[in-house]
Amino acid sequence: MVHETTRIETVTGDITQQDDLDAVVNAANAQLMPGGGVAGAIHRAAGEELVAACRPLAPISPGQAVVTPAFNMPNRWIIHCLGPRFGIDEPADTLLADCYRNALQLTAQYGIQSVGFPALSTGAFGYPFRDAARVAVQGVDDALETLGEPPRLVRFVFFSEADRHAFDDVLKTG
Ligand code: AR6
């Protein structure tokens, strides 16, 4: 999918190993602390300094996004998003779209040209994958429309080939 000025791509891989991106997005918890899944992997890769940088920014609420340096990770910035817990934080679709919109808003603010997203809320937070994919695609699309200086590249990073295929399908057919 190609936006007017932004390339949107999908890859299978690990969000902590996207060396060519200015920023990656963390599927954070409200306290911005290490956890399982993406948050655990990002904290392990970034190192102890990330905990210290996160502490004064927490807690965040569902839909919110905040930025820290990426420390030992290969990127410059980490954008931490708190996705909705499916069936608990409502309205889930609006809150999930807010994550993508607020994250992209921060890319414009920080001059971030390339950013990688994991599939927010689709792991521990239980959001059905296809529904989350539809919200992600629409949320990114809407946000890019409104940004004065959108990033050059938005990459969706999936752990499994199956997730990537499902997402590609949504990108094509909506
Ligand atoms: N790279 C790319 N994708 C990954 C990786 C990785 N290294 N690890 C997992 N995924 P999750 P959430 C996929 O649970 O649902 C944490 O414990 C995974 O397959 O990381 O937003 C936090 O502390 C899934 O599709 O995020 C929070 O409490 C997607 O990334 C809570 O989980 C998101 O899975 C956040 O839950």
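Only a predicted model underlies this, so the values are computations on that prediction, with no experimental measurement involved. Each ligand, and each atom within it, is numbered from 1 in the order the structure gives. In what follows, residues are counted from 1 in the order of the sequence shown.
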Fill in the blank from the handout: Residues Leu82 and Ser61: closest non-hydrogen pair is CD2-C, 3.5 Å
Practice task
Scan the protein's non-hydrogen atoms and note whether one is under 4.0 Å from atom 18 (C) of ligand 1.
Solution key: no
Practice task
Give a yes/no on ligand 1: does Thr16 have at least one heavy atom closer than 4.0 angstrom to it?
Solution key: no
Exercise for the section: Have a look at Asn75 and tell me which of Leu21, Asp19, Asp22 forms a side-chain contact (heavy atoms from CB on, under 4.5 Å) with it. Expected result: Leu21
Problem - Exceeds 12 heavy-atom contacts within 6.0 angstrom, atom CZ of Arg76 - result: no
Handout entry: Asp169 bridged to Arg130 by N-O distance under 4.0 Å
Key = yes
Completion exercise
Closest to atom 22 (C) of ligand 1 by heavy-atom distance, out of Leu120, Asn29, Leu82, Val38, is Asn29
Exercise for the section: Give the single entry among Ser121, Gly37, Ala124, Ala45 that approaches atom 14 (O) of ligand 1 most closely by any heavy atom. Expected result: Ala124
Practice task
Test Val115 against every option in Leu104, Leu153, Leu106, Thr6 by the side-chain contact (heavy atoms from CB on, under 4.5 Å) rule and name the one that passes.
Solution key: Leu104
Fill in the blank from the handout: For atom 36 (O) of ligand 1, the closest protein heavy atom turns out to be Phe125 CG, 3.4 Å
Practice task
Could you tell me which atoms of ligand 1, counted from 1 in the order shown, lie closer than 4.0 angstrom to a heavy atom of Ala27?
Solution key: 21 (O), 22 (C), 26 (O), 35 (C)
Exercise for the section: Using a cut-off of 6.0 Å, state whether more than 12 heavy atoms not belonging to Glu90 lie near its atom CD. Expected result: yes
Fill in the blank from the handout: For Asp14, the atoms of ligand 1 under 4.0 Å from one of its heavy atoms are 1 (N), 6 (C), 7 (N)
Exercise for the section: Identify the heavy atoms of Ala119 and Phe158 that sit nearest to each other, and give their distance. Expected result: CB-CE2, 4.0 Å
Practice task
Measure up the Phe156 and Phe167 rings against each other and bin them: parallel (under 30°), tilted (30 to 60°), perpendicular (over 60°).
Solution key: tilted
Exercise for the section: Identify the protein heavy atom lying closest to atom 16 (C) of ligand 1, giving its residue, its atom name and the separation to 0.1 Å. Expected result: Gly36 O, 3.5 Å
Exercise for the section: Starting from atom 2 (C) of ligand 1, find the nearest protein heavy-atom neighbour and note its residue, name and distance. Expected result: Ile15 N, 3.6 Å
Practice task
Measure the distance from atom 15 (O) of ligand 1 to every protein heavy atom, then report the residue, atom name and distance (to 0.1 Å) of the closest one.
Solution key: Gly123 N, 2.8 Å
Practice task
If the plane angle is over 60° it's perpendicular, under 30° parallel, otherwise tilted; pick one for Trp77 and Tyr110.
Solution key: perpendicular
Exercise for the section: Name the closest protein heavy atom to atom 25 (O) of ligand 1, giving the residue it belongs to and the distance to 0.1 Å. Expected result: Thr122 OG1, 2.7 Å
Completion exercise
In this structure, atom 8 (N) of ligand 1 is nearest to the protein heavy atom Phe159 CE2, 3.3 Å
Practice task
Any atoms of ligand 1 less than 4.0 Å from a non-hydrogen atom of Ala119? List them with their elements.
Solution key: 29 (C), 33 (C)
Problem - Enumerated ligand 1 atoms positioned under 4.0 Å from heavy atoms of Gly13 - result: 1 (N), 2 (C)
